[in-house]
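Accompanying notes for the structure given below.
Scope of the values below: all heavy atoms of this structure, side chains included, with no hydrogens, waters or symmetry mates. Just so you know, residue 1 is the first one in the sequence shown, and it goes up from there. All ligand and atom numbering here is 1-based and tracks the order in the structure.
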Amino acid sequence: MAEQRMLDGKVAVVTGSGGGIGRAIAVAMADAGARVVINDIGASLAGEGLSSTPAEQTRQIIEQAGGQAVINTDSVADWSSAQKIVQCALDSFGRIDVVVNNAGILRDVIFHKMSADDWTAVINVHLNGSFFVSRAAAEHFRRQESGAFVHMSSTSGLIGNFGQANYSAAKLGMTALSKSIALDMQRYNVRSNCIAPFAWSRMTSSIPAGTPEQQARVARIQQMTPDKNAPMAVFLASDAARGVSGQVFATRHNEIFLMSSPRPIRGVHRGEGWTPELIAEHALPALKSAFMPLDRSGEVFSWDPV
Ligand code: NAD
């Protein structure tokens, strides 16, 4: 008998799997035995244009390895088209077990120049899209009393980055969405987790490489191929991750991290209450030593990927 694989019998929807990290996850899930819906509108990095070619390429890779996949080109960023993505899994394979919210676009602009359209376009794909696709699958997960969500977040949201107010807000919002799903659907045996991935892809290919320092940094990022993020996504989608829910992991080349969630880190109290003056005088000196620095992802992950 063939060896049992981690996702045998499961059906996975992977959004934005026409390239980059999504493709690597779709391929790894198919290798692990899942039947896969490759969802991708084939957009440019900024979210423009439509093409089924990237999704076709992912399907070829999966089929050449003996896996099963279908293509869906509906956008995640709309309630009714997100319903069609999930319906595609049911029509093609008769069930749905896994949703990977990976589709994404970038509209990096410094905050004081960011337009309403830059904001809305990015929130629509990452945050609203993750809600729409998850919500469409939730009906089925609830009925069958099983299911796993994996949402691709980012250290740009968890920690911070320049020029990404739209993206950072969406990506941190996705972690709250994931935790909320984990809380609300625990009773139905449904799990929800986030991965903050690192990879050289077209999303990171705009990082400047003018100076020797920048070139060295880009060379380090280029080592981090998208497939390095896939094993964690496969694991979280599988029954081996039973009991793992509401967590945020980061995957960076051969490193895996569990990320922290906000908790009170220092407190002060006064029986008679506070005035603004007393906050300046008493509370601030006590709290200041525990302030988070105004740092960026690259400063926290400051060492070479291992
Ligand atoms: P990518 O641009 O290669 O892939 C994103 C895919 O999403 C594209 O194929 C695009 O066509 C598709 N897409 C865009 N809008 C869509 C929509 N409305 N509906 C369906 N599909 C749509 O990017 P990537 O680097 O592989 O990133 C994948 C995910 O990982 C993204 O959510 C990204 O924010 C996140 N991420 C990436 C990195 C990194 O280092 N590359 C770091 C942190 C987070």
Nearest-0.5 Å distance that lies between atom CZ in F198 and atom OG1 in T251: 8.0 Å
R252 NZ/CZ over W303 ring centroid, <6.0 Å and within 45° of normal: yes
Donor-acceptor under 3.5 Å (S245 side chain, A182 main chain): no
Test item: N102 side-chain N/O and T15 main-chain N/O as donor-acceptor pair under 3.5 Å: yes
Exercise answer: donor-acceptor pairs, residues 106-114 side-chain atoms, under 3.5 Å, sequence neighbours excluded:
from	atom 1	to	atom 2	distance (Å)
R107	NE	A46	O	2.9
R107	NH1	D117	OD2	3.2
R107	NH2	A46	O	3.2
D108	OD1	Q164	NE2	3.2
D108	OD2	Q164	NE2	3.1

Contact residues of ligand 1 (heavy atom under 4.0 Å), by chain and number: G16, G20, I21, N39, D40, I41, G42, A43, L45, S75, V76, N102, A103, G104, I105, V125, H126, S153, S154, Y167, K171, P197, F198, A199, S201, R202, M203, T204
Shortest non-hydrogen contact between D227 and P231, atoms and distance: O-CD, 3.3 Å
